[in-house]
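Report on one structure; see the data block that follows.
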Amino acid sequence: MRFKTFIIFCGLLAMVCELTGCEAFNRKFTRKPKKSDQSVEMVLAPEEYKGPQMSKEELYRQYLLFWRSWQDELINTLVQNTSYKKKNDCTEQAVKNLIGMRGMLDETKQRQLDIYLKQMTDLQSSFKSDVYGASSSNYRQRVEGVRRNILEKFSYSDIKNDLR
């Protein structure tokens, strides 16, 4: 008897909730719609972000700073005789920043910088041929010489009138 009463009571309760619109009960037992990834807008025509515009002085200083840090990193890798890949990567980045510096100078200073740029590319090819790093001390002296000469002749205070 109690069981029948309980079933009847649950049935009446369900009917009352359905008729009165018991929202919590309906929300609890209805299936939620799946979120679709269609809401993200597609980019049809990409726009290039140019970032903040820097003056030629700031840009030259930035190239010089980046070159100097990569050159110092190259010297450290030669002192510690680390991997071939690290030496090659440091040299590539140093050359890339020297090329950036070169593009900002007038023609006479470009020719002067080309000497050191050639020395760095020659060093890079020497690194490729010396896989085991047998001549690291010789390379280190050459890299330090290039660093010293560039800092003497191409610091911003010496170059500021030769920027184009």
Side-chain angles (χ1 to χ4, degrees), residues 23-24 27-164:
E23 187 176 337
R27 190 175 47 215
K28 192 172 191 178
F29 292 108
T30 55
R31 198 174 267 191
K32 309 265 187 296
K34 292 184 180 180
K35 293 181 181 178
S36 65
D37 294 332
Q38 299 287 339
S39 62
V40 178
E41 288 185 27
M42 293 177 47
V43 177
L44 299 177
E47 295 179 20
E48 184 177 332
Y49 177 69
K50 298 196 180 197
Q53 297 295 326
M54 292 192 295
S55 66
K56 59 184 177 183
E57 292 86 12
E58 291 173 341
L59 196 57
Y60 183 81
R61 285 182 182 184
Q62 184 177 2
Y63 279 128
L64 183 65
L65 176 70
F66 288 162
W67 165 79
R68 187 174 172 184
S69 64
W70 281 108
Q71 196 80 357
D72 290 341
E73 183 73 22
L74 177 60
I75 292 170
N76 288 337
T77 57
L78 290 170
V79 166
Q80 297 170 359
N81 200 13
T82 57
S83 70
Y84 159 76
K85 190 173 183 180
K86 181 71 174 175
K87 292 174 194 172
N88 193 31
D89 187 39
C90 291
T91 310
E92 282 179 11
Q93 293 297 324
V95 167
K96 178 180 138 186
N97 286 301
L98 278 176
I99 291 171
M101 287 169 50
R102 183 185 182 281
M104 303 197 67
L105 298 172
D106 63 0
E107 290 182 28
T108 57
K109 292 292 182 179
Q110 279 183 358
R111 279 187 248 120
Q112 291 176 4
L113 188 61
D114 284 342
I115 296 168
Y116 303 114
L117 192 59
K118 179 158 179 17
Q119 289 177 2
M120 287 300 293
T121 55
D122 290 345
L123 275 168
Q124 188 175 17
S125 63
S126 298
F127 292 152
K128 289 181 181 178
S129 64
D130 185 23
V131 178
Y132 297 110
S135 303
S136 288
S137 61
N138 183 25
Y139 296 146
R140 182 181 55 83
Q141 290 174 352
R142 289 170 56 190
V143 169
E144 286 175 346
V146 169
R147 180 184 184 278
R148 184 177 49 253
N149 289 334
I150 289 177
L151 287 177
E152 284 177 7
K153 297 176 183 173
F154 292 96
S155 66
Y156 177 72
S157 59
D158 298 332
I159 294 296
K160 63 184 172 187
N161 296 329
D162 296 321
L163 294 176
R164 58 174 169 148

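What's counted below: heavy atoms across the whole structure, side chains too, no hydrogens, waters or symmetry copies.
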Measuring only between side-chain heavy atoms, which start at C-beta, is Leu113 closer than 4.5 Å to Gln110? no
With no hydrogens and no angle check, is any side-chain donor or acceptor of Asp89 less than 3.5 Å from a backbone partner on Lys85?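 It does not hold such a pair.
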Nearest 0.5 Å please: distance from the [atom1] atom of [X] over to the [atom2] atom of [Y].
X      : Y      : atom1 : atom2 : answer
Gln71  : Ile150 : CD    : CD1   : 6.0 Å
Gln112 : Leu117 : CD    : CG    : 13.5 Å
Thr121 : Gln119 : OG1   : CD    : 9.0 Å
Met120 : Trp67  : CE    : CH2   : 8.0 Å

Residue pairs involving residues 109-123 (criterion salt bridge (Lys or Arg N to Asp or Glu O under 4.0 Å); sequence neighbours excluded): Arg102-Asp114, Lys109-Asp162, Lys118-Asp122
CD (Glu152) with more than 12 external heavy atoms under 6.0 Å: yes
Would you say CZ of Arg68 has more than 12 non-hydrogen atoms from neighbouring residues, nucleotides or ligands within 6.0 angstrom?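 Incorrect, the count does not exceed 12.
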If the condition is side chain to side chain contact (heavy atoms under 4.5 Å, CB included), which residues does Gln80 pass it with, not counting sequence neighbours?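 Checked Gln80 against side chain to side chain contact (heavy atoms under 4.5 Å, CB included); matches are Thr82.
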Which residues pass the side chain to side chain contact (heavy atoms under 4.5 Å, CB included) test with Ser69, not counting sequence neighbours? none
Among all residues two or more places apart in sequence or in another chain, which pass the side-chain hydrogen bond (donor to acceptor under 3.5 Å, both in side chains) test with [X]?
X      : value
Ser155 : Ser157, Asp158
Lys153 : Tyr116
Ser129 : none
Gln93  : none

[X]: salt bridge (charged side-chain N to carboxylate O under 4.0 Å, His left out) partners, not counting sequence neighbours:
X      : result
Asp72  : Arg147
Arg140 : Glu144
Lys56  : none

Using distance only, find each side-chain donor-acceptor pair of residues 57-66 under 3.5 Å and give its atom names and separation, not counting sequence neighbours.
| unit_1 | atom_1 | unit_2 | atom_2 | d |
| --- | --- | --- | --- | --- |
| Glu57 | OE1 | Ser55 | OG | 3.3 |
| Glu58 | OE1 | Ser55 | N | 3.3 |
| Tyr60 | OH | Phe154 | O | 2.7 |

Correct closest heavy-atom pair for Leu74 and Lys87 would be CD1-O, 3.7 Å
Can you tell me which residue among Thr91, Val95, Asn97 is in a side-chain contact (heavy atoms from CB on, under 4.5 Å) with Trp70?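 So the option named by the test is Asn97.
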